[in-house]
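Lettering of chains follows the sequences in order, A, B, ..., and the numbering in each one begins at 1. Side chains included, hydrogens not; waters and symmetry mates left out as well; all remaining heavy atoms used.
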4 protein chains.
Amino acid sequence: MRDGAGTKQKIHETALRLFVDKGVPQTTVRDLAKAAGIAEGTLYRHYASMNDLIWELFSSNYTAFAHRLTAAQSDREGFAARLEAIIAEFCRFFDAEPVLFRFLMLVQHQTLPRVANDDDNPVEIVHRLLAQAEQAGEIPSRPPGLAASLVLGLVLQPAFALVYGRLDAPFSQYAPAITAAALAALGSADHA
Amino acid sequence: MRDGAGTKQKIHETALRLFVDKGVPQTTVRDLAKAAGIAEGTLYRHYASMNDLIWELFSSNYTAFAHRLTAAQSDREGFAARLEAIIAEFCRFFDAEPVLFRFLMLVQHQTLPRVANDDDNPVEIVHRLLAQAEQAGEIPSRPPGLAASLVLGLVLQPAFALVYGRLDAPFSQYAPAITAAALAALGSADHA
Amino acid sequence: MRDGAGTKQKIHETALRLFVDKGVPQTTVRDLAKAAGIAEGTLYRHYASMNDLIWELFSSNYTAFAHRLTAAQSDREGFAARLEAIIAEFCRFFDAEPVLFRFLMLVQHQTLPRVANDDDNPVEIVHRLLAQAEQAGEIPSRPPGLAASLVLGLVLQPAFALVYGRLDAPFSQYAPAITAAALAALGSADHA
Amino acid sequence: MRDGAGTKQKIHETALRLFVDKGVPQTTVRDLAKAAGIAEGTLYRHYASMNDLIWELFSSNYTAFAHRLTAAQSDREGFAARLEAIIAEFCRFFDAEPVLFRFLMLVQHQTLPRVANDDDNPVEIVHRLLAQAEQAGEIPSRPPGLAASLVLGLVLQPAFALVYGRLDAPFSQYAPAITAAALAALGSADHA
DNA sequence: AATGAATGAGTTTTCATTCAT
DNA sequence: TATGAATGAAAACTCATTCAT
């Protein structure tokens, strides 16, 4: 009888690392067990299946990140300040937990084509922020969803560039430039 | 002697469709053979392996698209005109061959973490365009690679939004807005 | 319509070469067609199946060699002279058609554990020669079959040694030494 | 946890039996699994591949037999005594483990055209014994490798004869006759 | 809670043979 | 006679999951 909590933690870390290194479907239970230093069967003491592990890893962290984004906005007033807070939060998260961040990007595009559009969804939070800004007249109106996509692109594509070595870490150093680019792109009045 | 070229074409079309519908690693030879109406063994008369098929499908089309981007720029003068041409070409490609476009996006992120940075690479073409504009003083300088990532994000994220149903087709309708957003984001003088 | 006889000949030569190089079961129709410069289907114009080809190649040549052994003995009188003739004939055959010789050795041990013990069988010819010599009192009697096995070993094992590079070609240079060894081993009166 | 060692032993025994009965390349994983009473996948928990199994089965036993030959010679003085010991050891091995002996003969000719010529190789041991005897003047000199081939032939060909039913078991009953034949064939002074 | 051998359905790939041209 | 694309059964191998310990 070993330290159950420690084992689960080790599974988490190892799984994330393998998932981003080799891809989610390319990571086998055997790979995971070997890398984590546990027996293959031990995984099933903690998760009902490999899919369960993936899903739990994704959804809990995706939700937690959504909450961080919501919290980051909470004490900001006005669109520009909120946008800045959100972009800064993306960058902080990437720098603090790059493997986890990459995993969330990976799974979102590969494994889960469509995630519930609820409050606990970072993408949805960005969409709501932009929709409110358009309604409030802080930025010009665009076709529904376009503004949010533009902002997400300005944030996520540089994140990919860091992953692929086209940009140097840390991500946070680019936060002001990205925020400025976003405000300009959207035609915000706050863009100096 | 049966029609080998026709079979190969059918394999192409079916593979692309399945890859974007189910994901690349989730598509089995059996799936492909069944959907294409061929025997499993027939695939191996045209490709050495499933991986070969994926790679050939990716690289030939990725290269072809890079050539289209290069051609689209060729008769344009000045950064703004070239950027407009490239963005329009992305949109046209997406509208003309959405399945192929999605496949290229998919594989680029999943299967091929790093693609050679040569002339036949669409991402590289965008990087070069932005680097030249910075050197020519047409846009302010940023850390190397950042400007290109911003532009790519402004184009590709709306493409994902179309795929996920957050934006309505056709993609081309957004080309002017995306171009304007990019010029503004970059601080181009051509941005009215 | 090409030269049918020429094609068949090319199939023979190529098949023998591949069989001894890679082993019989390891040689595929595709290998053969490629190496012979014919289409895969063409094989079936000349043979009902791959097994047919192997069998025909083996049996016709095995029989032909048996006939050569019989002919070589025909004008010799006495055991020693006949043994000498047979050993010389083995060596001549090996030197003239090494690939064919190796193929016959190969198939005999691998593919066909038991070949009919009839007059057209080289092994059987050696057995009969030795049985007659024992009956005629030209050599001492041994358990049935032992003398023939000793002689065959003295001939075939050096043949393998040539194949594996432990002995230098030509095989015929060793014929006198092998004959002398055989006569001595058997206790023949003709052994000086 | 089930009994891994027992399973591996069962795989060994079953594989050897099937290999000699049907031939090595003719034995499939399915055959083996069925005959051994295990699932097909179980093989791969013990061996990386079918080829691995064949190679491990061959090399470990080939080496072990070489060690037995070396041990058999160790307390013998003079060429004749050593040759006798070696031949007796071949016969004892054949009688004790006929399936294993046949497997080693089979694989040596079929699967492994060339085995490393080191100390752990039975063929090499015979070659060294003969070379020493020639150098010591205990037997007349012959072209390099010829004497050893003659001796190997005198031993192995009768072994094949037993396999093919041309000679009756046990092999050991022929050991004196084979030894005498070898000494006579080589022109040893110890040959009465 | 942990182990790791065993399972068996599923995967990719091979290949002798057939068939339309 | 020749071609080579197509077939489909069978091959080797993989892998999430189960089970006895």
Side-chain angles (χ1 to χ4, degrees), chain A residues 1-8 25-34 37-53, chain B residues 1-8 25-33 36-53, chain C residues 1-8 25-34 37-53, chain D residues 1-8 25-33 36-53:
Chain A
M1 190 164 43
R2 314 276 172 73
D3 176 9
T7 300
K8 195 159 183 172
Q26 285 81 23
T27 300
T28 70
V29 173
R30 199 176 225 181
D31 290 336
L32 177 53
K34 195 173 191 176
I38 60 170
E40 294 179 45
T42 301
L43 175 67
Y44 295 87
R45 296 278 147 202
H46 299 274
Y47 296 95
S49 72
M50 190 71 166
N51 266 343
D52 252 51
L53 166 62
Chain B
M1 207 161 38
R2 290 78 165 265
D3 174 20
T7 301
K8 196 160 184 172
Q26 286 81 22
T27 301
T28 70
V29 174
R30 184 169 293 175
D31 291 336
L32 176 51
I38 60 170
E40 293 181 40
T42 301
L43 174 67
Y44 294 88
R45 191 156 284 276
H46 297 276
Y47 297 95
S49 70
M50 191 71 166
N51 265 345
D52 248 53
L53 166 62
Chain C
M1 191 165 42
R2 314 275 174 72
D3 177 7
T7 300
K8 197 160 183 171
Q26 285 80 23
T27 301
T28 70
V29 173
R30 198 174 224 183
D31 290 335
L32 176 52
K34 195 172 192 177
I38 60 169
E40 295 179 44
T42 301
L43 175 67
Y44 295 86
R45 296 278 146 201
H46 300 275
Y47 297 95
S49 72
M50 190 72 167
N51 266 343
D52 252 51
L53 166 61
Chain D
M1 210 162 33
R2 291 77 165 266
D3 175 22
T7 302
K8 197 160 184 173
Q26 285 81 20
T27 301
T28 71
V29 173
R30 184 168 293 176
D31 291 336
L32 176 52
I38 60 170
E40 292 181 42
T42 300
L43 175 67
Y44 294 89
R45 191 157 283 277
H46 297 277
Y47 296 96
S49 70
M50 192 70 166
N51 265 345
D52 249 52
L53 166 62

Distances for protein N/O vs nucleotides 8-12 of chain F N/O pairs under 3.5 angstrom?
| residue | atom | partner | partner atom | Å |
| --- | --- | --- | --- | --- |
| F:dA12 | OP2 | D:Val29 | N | 2.8 |

For atom CD1 of D:Ile38 and atom P of F:dC19, their distance in whole Å: 19 Å

Tell me, please, which residues at least two apart from D:Asp52 pass salt bridge (charged side-chain N to carboxylate O under 4.0 Å, His left out). none

For B:Tyr47 and F:dA6, give me the distance from atom OH to atom C1', rounded to whole Å. 16 Å

Distance-minimising heavy-atom pair for B:Met50 and B:Val29: SD-CG2, 3.8 Å

I need the CG-C1' distance between A:Asp52 and F:dT17, as an integer number of Å. 13 Å

Distance, rounded to the nearest Å, where B:Leu43 contributes CG and E:dT12 contributes C1': 10 Å

To the nearest Å, how far apart are D:Leu32 CG and F:dC13 P? 12 Å

Contacts of D:Lys8 that satisfy side-chain contact (heavy atoms from CB on, under 4.5 Å) - sequence neighbours left out: D:His12, D:His46, D:Tyr47, D:Glu56

Sorted by chain and residue number, the salt bridge (charged side-chain N to carboxylate O under 4.0 Å, His left out) partners of A:Arg30 (sequence neighbours excluded) come out as A:Glu40

Could you report the tightest heavy-atom contact between D:Ile38 and D:Leu43, atom names first, then the distance? CD1-N, 4.2 Å

Could you state the atom-to-atom distance from CZ of D:Arg45 to P of F:dT17 in whole Å? 15 Å

d(NZ, B:Lys8; C1', F:dG4) in whole Å: 14 Å

Non-neighbouring partners of D:Tyr44 that pass side chain to side chain donor-acceptor pair (under 3.5 Å), sequence neighbours left out: none

Stem list for DNA chain F, please, built from Watson-Crick and G-U wobble pairs under 3.5 Å and keeping only runs of at least 3. E:2-21 with F:2-21

State which residues pass side chain to side chain donor-acceptor pair (under 3.5 Å) with A:Ser49; sequence neighbours excluded, sorted by chain then number. none

